[in-house]
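The block underneath contains the structure these notes are about, expressed in structure tokens.
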Amino acid sequence: MKQIGLDFFRRDTVTVARELLGKVLVVDGCAVRIMETEAYTADKASHAFTLTQRSEIMYETYGHVYVYFIYGMYFCVNFTTEQEGSPGAVLIRAGEPLQGVAKMKERRGVTRREDVCSGPGKLCQALGIERRHNGLEVGNEVMLFDDGYVVGKMGRSRRIGIRDAKHLLWRFFVKGSEFVSGEKK
DNA sequence: GGTGGGATTAGCT
DNA sequence: GCTAATCCCACCA
């Protein structure tokens, strides 16, 4: 079990998005294996398309947690990428519950394992990720590990829920997994 | 099985 | 004022 540090993120965003598949995300004693990610740089679908107070973290950091609030009810968690001045982040969209499953099911109000974190809003709810986690450096409250798991077949597609820059195939997922978001498996 | 709308607020225009 | 990197439930077939 090797902990992933800052340097992992100081690279091309798409590369980081692909390599995050299969890694283990740990928050508050709960662990999930990342099964679906999306890359965002300064493209038109990204918050970093314009530099604002919210997107500033994507420009100025790498290996930091970027949490944003969406649709008036949900949070989504990202890890910032690329060196300072070059904006980027990887959205964690879905995972397979590994540890603390009972706690996550309770927070989500579900019973089936595939309903725990098969979507970005669900994943944050399951792990208890909220506004207060925004800006934290990876490795403290929010940790990532490489446990040697090897991803079988990787699928890729357009990103979900965006209006612009639809031509980019920047969504990555573990093919055939029941733990990815409903869209395309 | 599939679709349509409502929830609810920050951030931009 | 409007829309958003979403989710869930009611309703129809």
Checklist outcome for this item: Residue pairs passing the salt bridge (charged side-chain N to carboxylate O under 4.0 Å, His left out) test with at least one member in residues 88-102 of chain A, sequence neighbours excluded, are A:E36-A:R93, A:E38-A:R93, A:E96-A:R113
Checklist outcome for this item: Min and max contacting nt of DNA chain C in 5' to 3' order, chain A heavy atoms within under 4.0 angstrom, are C:dA4 to C:dC8
Checklist entry - Tell me, which pairs form a salt bridge (charged side-chain N to carboxylate O under 4.0 Å, His left out) where one or both residues lie in residues 48-76 of chain A, sequence neighbours left out? => result none
Item to check | Remaining members of hydrophobic cluster (4.5 Å side-chain criterion), A:I57 | outcome: A:Y40, A:M58, A:Y66, A:Y68, A:I70, A:Y71, A:M73, A:Y74, A:L91, A:I162
Checklist outcome for this item: So the side chain to side chain donor-acceptor pair (under 3.5 Å) pairs with at least one residue in residues 18-27 of chain A (sequence neighbours excluded) are A:R11-A:E19
Checklist outcome for this item: For residues 133-155 of chain A, the salt bridge (charged side-chain N to carboxylate O under 4.0 Å, His left out) pairs (sequence neighbours left out) are A:R33-A:D147, A:R132-A:E141
Item to check | For DNA chain C, the residues among residues 119-128 of chain A that have a non-hydrogen atom under 4.0 Å from it | outcome: A:G119, A:P120, A:G121, A:K122
Checklist entry - What string of B, S and - do you get for nucleotides 1-6 of chain B 5' to 3' if you count protein non-hydrogen atoms under 4.0 Å? => result ------
Checklist outcome for this item: Where DNA chain C forms runs of at least three Watson-Crick or G-U pairs (i with j, i+1 with j-1, under 3.5 Å), the stems are B:1-7 with C:6-12, B:9-12 with C:1-4
Checklist entry - Hey, what else clusters with A:L169 if you join Ile, Leu, Val, Met, Phe, Trp, Tyr whenever side-chain heavy atoms sit under 4.5 Å? => result none
Item to check | Residue pairs passing the salt bridge (charged side-chain N to carboxylate O under 4.0 Å, His left out) test where at least one lies in residues 159-169 of chain A, sequence neighbours excluded | outcome: A:D43-A:R159, A:K44-A:D164
Checklist entry - Would you say a side-chain N or O of A:T52 is under 4.0 Å from OP1 or OP2 of B:dC12? => result yes
Checklist outcome for this item: In short, ring pair (Phe, Tyr, Trp, His ring centres under 6.0 Å) pairs touching residues 8-28 of chain A with sequence neighbours left out are A:F9-A:F79
